[in-house]
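Structure, as structure tokens:
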Amino acid sequence: MSVSIRLSRGGAKKRPYYKIVVANATAPRDGKYLEQVGTYNPILAKDDENRVRLVEDRVRYWLGVGAQPTDRVARLLDKAGVKERAATNNPKQAEPGKKAKERAEDRATKLREAEEAAAEAAAAASAPAEEAAPEAAAEESTEA
């Protein structure tokens, strides 16, 4: 039987309150548990001492007999100084997905094409004016 240290949700809708419990890994989230080893109230300020309350000796006991904390509980235990947690690194976390990259490439090519078309139109518009200017200068010189 694998045992995990995890959160069990309580409280009202949009007002969560969690018990930190030791439970069988196959038990439901808010179901039967072996022992309650603390509480977590995410509504309180981060620097509030009552935000996370642990019975440290029981947590250390359960960790000693092989209980595995969930990711969130591991963070809480690390912050409380009970169990060190290795820092995680996910460099691809902020990278957009495949479809978003394709949309960005399409947008970039359309923008580039529009800029090229605008440059060509500007060049075409300025070219006849330049050609007309030398002709007018030539007419003026012949009249003089």
Side-chain angles (χ1 to χ4, degrees), residues 1-34 36-56 58-60 62-64 66-144:
M1 170 172 97
S2 62
V3 177
S4 64
I5 302 174
R6 62 184 184 201
L7 299 175
S8 175
R9 192 180 194 281
K13 183 166 124 179
K14 308 233 183 199
R15 304 281 299 168
Y17 183 82
Y18 297 94
K19 297 177 196 172
I20 301 172
V21 298
V22 179
N24 185 350
T26 60
R29 179 191 72 180
D30 300 333
K32 186 176 177 183
Y33 55 86
L34 302 173
Q36 180 178 340
V37 293
T39 59
Y40 169 56
N41 189 350
I43 295 175
L44 297 176
K46 289 190 178 191
D47 59 346
D48 192 339
E49 62 190 36
N50 292 325
R51 183 177 169 101
V52 178
R53 302 178 100 193
L54 293 170
V55 182
E56 286 191 34
R58 294 307 295 166
V59 172
R60 290 183 196 280
W62 283 107
L63 290 172
Q68 294 296 314
T70 59
D71 291 338
R72 179 58 53 188
V73 172
R75 280 177 187 250
L76 297 175
L77 295 178
D78 183 35
K79 197 169 257 190
V82 176
K83 181 183 179 189
E84 182 112 3
R85 181 180 73 93
T88 58
N89 184 17
N90 187 1
K92 293 187 177 184
Q93 177 182 8
E95 190 174 305
K98 194 186 308 181
K99 295 262 187 180
K101 286 180 184 175
E102 290 174 5
R103 286 192 300 268
E105 288 174 10
D106 291 343
R107 226 177 295 124
T109 55
K110 286 180 182 177
L111 181 63
R112 201 173 325 111
E113 290 171 359
E115 288 174 352
E116 290 173 0
E120 288 176 9
S126 65
E130 290 173 2
E131 292 172 5
E135 291 173 4
E139 289 176 10
E140 289 176 8
S141 62
T142 55
E143 292 176 2

**Item:** Any donor-acceptor N/O pair, R51 side chain to L44 backbone, under 3.5 Å
**Value:** yes

**Prompt:** Is any side-chain heavy atom of N24 closer than 4.5 Å to a side-chain heavy atom of V3?
**Reply:** no

**Prompt:** Between D30 and R9, which heavy-atom pair has the shortest distance, and what is it?
**Reply:** OD1-N, 2.9 Å

**Request:** Apply side chain to side chain contact (heavy atoms under 4.5 Å, CB included) to K92 and list each qualifying residue two or more places apart in sequence or on a separate chain.
**Result:** N90, E95

**Asked** Would E56 and R60 count as a salt bridge (Lys or Arg N to Asp or Glu O under 4.0 Å) if you check the C-alpha gap in whole Å, the side-chain angles of each, and the deciding distance to 0.1 Å?
**Response** CA-CA 6 Å; E56 286 191 34; R60 290 183 196 280; 3.4 Å; yes

**Fill in**
Minimal heavy-atom distance between K101 and P96, with the atoms involved, is CE-O, 3.4 Å

**Item:** Residue pair V37 / W62: nearest heavy atoms and the distance that separates them
**Value:** CG1-CD1, 4.2 Å

Side chains of residues 105-116: which donor-acceptor partners sit under 3.5 Å, not counting sequence neighbours?
unit_1, atom_1, unit_2, atom_2, d
T109, OG1, E105, O, 3.3
T109, OG1, D106, O, 2.8

**Message:** Can you give me the closest heavy-atom contact between S8 and V21, atom names plus distance?
**Reply:** CB-CG2, 4.1 Å

**Asked** Are any of the side-chain heavy atoms of V82 and L63 separated by less than 4.5 Å?
**Response** yes

**Complete:** Quick note, side chain to side chain donor-acceptor pair (under 3.5 Å) partners involving residues 66-83, not counting sequence neighbours, are none

**Prompt:** How about I43 and P16: do any of their side-chain heavy atoms sit closer than 4.5 Å?
**Reply:** yes

**Heavy-atom closest pair, residues A74 and P69** = N-CB, 4.1 Å

**Message:** Taking the side chain as everything from C-beta on, heavy atoms only, tell me whether T39 gets closer than 4.5 Å to I20.
**Reply:** no

**Fill in**
In this structure, CZ of R53 is separated from CG of N41 (nearest 0.5 Å) by 10.5 Å

**Prompt:** Any side-chain heavy atom of Y33 within less than 4.5 Å of one from K19?
**Reply:** yes

**Asked** I5 and A67: which non-hydrogen atoms are nearest, and at how many Å?
**Response** CG1-CB, 3.9 Å

